[in-house]
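Note sheet for the following structure.
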Amino acid sequence: MIALQTAAAAGLTRVGLQSAQAAEEAADVTNVPAVVVGSGYGGAVAALRLGQAGIRTVMIEMGQLWNTAGSDGKIFCSTAAPDKRSMWFKTRTEAPLATFLWLDVVNKDIASYAGVLDRVHYDNMSVYVGRGVGGGSLVNGGMAVTPRQSYFAEQFPTVDASAMYNTYFPRARTMLGVNTIDSTWFESTEWYQFTRTSRKAAANTGLTTTFVPNVYDFGYMQQEAAGTATKSALAQEVIYGNNYGKKSLDKTYLAAALGTGNVTIHTLEKVKAVTRASDGSYVLSVDRIDTSGNVVESKQYSCTYLFLGGGSLGTTELLVRARDTGALPALNSSVGGGWSTNGNTMLGRANHIWDTTGANQSTMPVMGIDDWANTDNPVFAEIAPLPIGFETWVSLYLAITKNPQRASFTYDSASDAVKLGWTAAQSAVSVAMAKKLFDRINTANATIYRYDLFGSSSKVFADDFCYHPLGGCVLGQATDDYGRVKGYSKLYVTDGSLVPGNIGVNPFVTITALAERTMERVLAEDF
Ligand code: FAE
């Protein structure tokens, strides 16, 4: 395995194991056996397993390779001091917590640039996604949660759950580098006071809390706390990237994929459209951009096998467009459907003055309130940090609710755009479920909600953004039970668009494990 950081010379937009020159030459060959679109979880698993099988593979990623330090010596900026590296072509940051004490003190003006976090706006719902080599792994909170087997089986009735829990989930967790916080350190460190305070409020309500594993290296975090390692999770780094400590995909699956010698990653290249040539090969129209967003080259790739790992939004948009423009007319009517937010809703509670949450807070969540077994109102609520450097008495949560609502993407030919049909009423279902749980917690603790965190309208529940877009090309509906797209051969989906809208916990372990299952089957049967 090689480190991606040493794999590319600065400025190159092609990353491979070969020398810089050889990589450039190889990349001129745009007719390749396999193309993988997107370098998030689904794409990274596909690339590694293709590379290991000896199949020459080009991975196309619209974001950058994040391996070059800025003038401050850091690759990524912190949430406290965001600059152009923070966001994907925005002139102002769009942080989830927009305000504090109703004041617009969180977001900052920035230069437009190919930054690492995108917030994609649809009517009634904005979706956060990562941009760069590693996709969402670059910006996420690292929570690596395996869903309850019973709920997995409910959501994926045609998948052999025992094979998932005996083989593919363990394989995914090992490859991702999942670890759990040391409980003794957790009980004593100031950095998790905020979590212990929320745990107490849950216990007062008679609710169960559970530790949540993570891909952030907790050994490293303890060194940060001891002052023997450069701080990252303990220095307000997370949604705009972590400079240290986090095992993002560029350090795990993608480094291993490049290490096979068969995989090349082309960065700052966006796939605009997919069609099929008369010989059955897939043809991709791609724009290469610079970090200012100018298109510097328009090109085409052709491949025999096409793996789509652009995420729930990226993959679904490509396929809906392909079907409805007639490029891939045999795609079925399930393409675009089954989409939801994993029931995401954020909220804050105000604690009593004696229940402090601490000025120092780690950015990596490690605990959740688990009320999923409550069939009346299933909710899993993560205890989230508010790492702004002073005491706030705020307990923050990301609630994952069992919202049954689903929406569809449709192609609008007038604007040539793919639109999402999610409504405010559908978000209200998540809010009502979260409120039911947190009303209980507030009653038991004689506390109230915070009204100042999500904009100026005294909004308690964040109902207009999500971190967990799921669905759009649901397994067994738009694809067969192994991600093979119905209507076409040698065309696969490997990412979060396969998950039917909700998985009850944070999704990346499930996405990774399903991709492992798909790749094992596809490599055995289709090549
Ligand atoms: P994803 O990781 O989104 O990768 C897709 C990649 O494809 C991206 O790099 C795109 O730039 C690229 N792409 C898309 N379209 C194109 C195109 N047309 N041409 C070229 N490239 C393209 O997909 N999940 C957890 O399990 N635990 C957490 O703690 C957690 N925290 C989160 C925090 C934040 C702020 C965010 C944004 C997400 C979080 N998530 C978390 C969600 C998780 O990151 C997400 O489910 C996965 O990243 C989805 O994986 P995919 O492989 O589906």
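For ligands, and for the atoms within them, numbers begin at 1 and follow the listed sequence. What you are looking at is a predicted structure, and each value in this text was computed from that prediction instead of being measured.
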From atom 8 (C) of ligand 1, is the closest protein heavy-atom distance below 4.0 Å?
yes

Quick check on contacts: which atoms of ligand 1 are under 4.0 angstrom from a heavy atom of [X]?
| X | answer |
| --- | --- |
| G42 | 52 (O) |
| G496 | 53 (O) |
| G311 | 5 (C), 23 (O), 53 (O) |
| D495 | 51 (P), 52 (O), 53 (O) |
| I60 | 20 (C), 21 (N) |
| G135 | 2 (O), 4 (O), 8 (C), 9 (O) |
| I239 | 35 (C) |
| F508 | 24 (N), 25 (C), 26 (O), 27 (N) |

Does [X] reach ligand 1 with a nitrogen or oxygen that is under 3.5 Å from one of the ligand's nitrogen or oxygen atoms?
| X | result |
| --- | --- |
| V139 | no |
| N140 | yes |
| V271 | yes |
| R131 | yes |
| G136 | yes |
| G142 | yes |
| S312 | no |
| I511 | no |
| A144 | no |
| M62 | yes |

Residue of the set M519, E520, R517 for which side-chain contact (heavy atoms from CB on, under 4.5 Å) holds with Y482:
R517

Taking the inter-plane angle between the rings of [X] and [Y] on a 0 to 90° scale, is it parallel (under 30°), tilted (30 to 60°) or perpendicular (over 60°)?
| X | Y | value |
| --- | --- | --- |
| F465 | Y128 | perpendicular |
| F152 | Y165 | perpendicular |
| Y492 | Y305 | parallel |

With a cut-off of under 6.0 Å to the ring centre and 45° to the axis, is R321 in cation-pi contact with F409?
no

Does K272 have a non-hydrogen atom less than 4.0 Å from ligand 1?
no

Non-hydrogen atoms of G132 versus ligand 1: any pair closer than 4.0 Å?
yes

Which option wins on minimum heavy-atom distance to atom 5 (C) of ligand 1: G314, G309, G38?
G309

Using 0.5 Å steps for rounding, measure from the [atom1] atom of [X] to the [atom2] atom of [Y].
| X | Y | atom1 | atom2 | result |
| --- | --- | --- | --- | --- |
| W422 | S408 | CH2 | OG | 11.0 Å |
| K270 | L284 | NZ | CG | 13.5 Å |
| Y192 | T357 | OH | OG1 | 14.5 Å |
| S430 | K402 | OG | NZ | 13.5 Å |
| K490 | F307 | NZ | CZ | 11.0 Å |
| D118 | M62 | CG | CE | 6.5 Å |

For Y467 and N506, test the side chains for any donor-to-acceptor distance below 3.5 angstrom and give the result as yes or no.
no

Does a side chain donor of either S232 or N242 reach within less than 3.5 Å of an acceptor in the other side chain?
yes

Determine, using ring centers only, whether Y220 and F218 are less than 6.0 Å apart.
no

Backbone, side chain, both or neither: what part of H468 comes under 4.0 angstrom of ligand 1, heavy atoms only?
side chain

